[in-house]
Number of protein chains: 2
Amino acid sequence: MAPTHIEHIGIAVKNLQGSIKYYEDILGLKCYSIEEVKDQKVKTAFFLVGQTKIELLESTDPEGSIGKFIEKRGEGVHHVAFAVTNLPEQLKEVEAKGIQLIDKQPRKGAEGLNIAFLHPKSTHGVLTELCEKA
Amino acid sequence: MAPTHIEHIGIAVKNLQGSIKYYEDILGLKCYSIEEVKDQKVKTAFFLVGQTKIELLESTDPEGSIGKFIEKRGEGVHHVAFAVTNLPEQLKEVEAKGIQLIDKQPRKGAEGLNIAFLHPKSTHGVLTELCEKA
């Protein structure tokens, strides 16, 4: 695998509007998209800084993974996403090397990307997403 | 403020060598530097992916901030660093807007950068570093 860049950093927040205000007013970034991803039970907001996006994630259901994350750990970085090419092949390769996959096949994520997660038990504590443009 | 890119993502790990092996063998990144930062009580390893560095942080003292972080939360993302220009001015500006600073003045960080941290209580849960080339 040779990721080209950090595609995004996913950050769990309690209140999307309040956090958007922080990223805009304090860090000077510009929210360019708000999108609900129903099957992930989140509402997301995106900012671009250099090559990398900040993806804010607000839970829309306390039983969803972001809802549970916030309940357990509070707000903070939820995952790191690496941009790769040939995602299905990369998944096979890392699984063969003993990495535990959350998604054995790519699925659709926010912004229409093909995505798959690696389990943080296999990645030294960082919930890791691999993603590829469709 | 208008950060140009994500300068690095700081990741707390229990064992630097084991984590270097993961980032090299699984993610295909190349560790280009290992550096001890004594006043932060850490040993660091750096990888470059696109514009952004991955900075692995192994505690050298359980009483240091990384030692305490690992004790409390386990391995995982510790901080996110934004590259800015005119760091002293940015610190004044965000403090005037009510942000709690950990460092009121820039100090020296790894790789000789001038750095300062914003308190996660002010930044919606993300320990945030601003940094500038010396």
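Chain naming here is simple, since letters A, B, ... match the order of the sequence lines and numbering starts at 1 in each.
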TODO: Measure the spacing between CG of L16(A) and NE2 of H124(B) and express it to the nearest 0.5 Å.
DONE: 10.5 Å

- [ ] Check whether L113(B) and L91(B) end up in the same hydrophobic cluster, where Ile, Leu, Val, Met, Phe, Trp and Tyr are linked by side-chain heavy atoms less than 4.5 Å apart.
- [x] no

Open item on the list: When you group the ILVMFWY residues by side-chain heavy-atom contacts below 4.5 Å and let the links chain together, are L101(B) and L87(B) in the same group?
Closed with: yes

- [ ] Taking the side chain as every heavy atom from C-beta outward, state whether I6(A) and I54(B) have any pair of such atoms under 4.5 Å apart.
- [x] yes

Task: Option in G76(A), A2(A), S19(A) with maximal non-hydrogen atom pairs under 4.5 Å from chain B - done: S19(A)

Task: Shared hydrophobic cluster for L57(A) and V80(A) (ILVMFWY, side-chain gaps under 4.5 Å) - done: no

- [ ] Please look at I26(A) and chain B and tell me whether the side chain, the backbone, both or neither of the residue comes under 4.5 angstrom of a heavy atom of that chain.
- [x] both

Task: Other residues, nucleotides, ligands: >12 heavy atoms within 6.0 Å of E24(A) CD - done: yes

Open item on the list: To the closest 0.5 Å, what do you measure between CD (Q51(B)) and OG1 (T52(A))?
Closed with: 6.5 Å

Open item on the list: I'd like to verify something: which residue of E75(A), H5(A), Q90(A), E93(A) has the highest number of heavy-atom pairs under 4.5 Å with chain B?
Closed with: E75(A)

Open item on the list: Counting only heavy atoms from other residues, nucleotides and ligands, does the tally under 6.0 Å from NZ of K108(B) exceed 12?
Closed with: yes

TODO: Answer yes if F47(A) and I9(B) sit in the same cluster of Ile, Leu, Val, Met, Phe, Trp and Tyr residues linked by side chain heavy atoms under 4.5 Å apart, and no otherwise.
DONE: yes

Open item on the list: Around atom NZ of K43(A), are there more than 12 heavy atoms from other residues, nucleotides or ligands closer than 6.0 Å?
Closed with: no

TODO: Taking atom NZ of K30(B) as the centre, report whether more than 12 heavy atoms of other residues, nucleotides or ligands fall under 6.0 Å from it.
DONE: no

Open item on the list: Does any part of the side chain of Y22(B), heavy atoms only, come nearer than 4.5 Å to the side chain of V126(A), both counted from C-beta?
Closed with: no

TODO: Provide the closest heavy-atom pair for L27(A) versus P3(B) in the form atom of the first, atom of the second, distance.
DONE: O-CD, 3.0 Å

Task: I66(B) with V77(B), same ILVMFWY side-chain cluster at under 4.5 Å - done: no

Task: Contact class of T128(A) relative to chain B, heavy atoms under 4.5 angstrom - done: side chain

Open item on the list: At a 4.5 Å cut-off on heavy atoms, which part of L118(A) comes close to chain B: side chain, backbone, both, or neither?
Closed with: side chain

Task: K97(B) side chain vs D25(A) backbone, donor-acceptor pair below 3.5 Å - done: yes

Task: Pairwise distance NZ(K72(B)) to CZ(R73(A)) - rounded to 0.5 angstrom - done: 10.0 Å

Open item on the list: For the interface with chain B, which of I11(A), L29(A), I99(A), L130(A) has the highest count of heavy-atom pairs at distances below 4.5 Å?
Closed with: I99(A)

Open item on the list: Shorter than 4.5 Å, heavy atoms on both sides: which option in L56(A), V84(A), T4(A) has the most such pairs with chain B?
Closed with: T4(A)

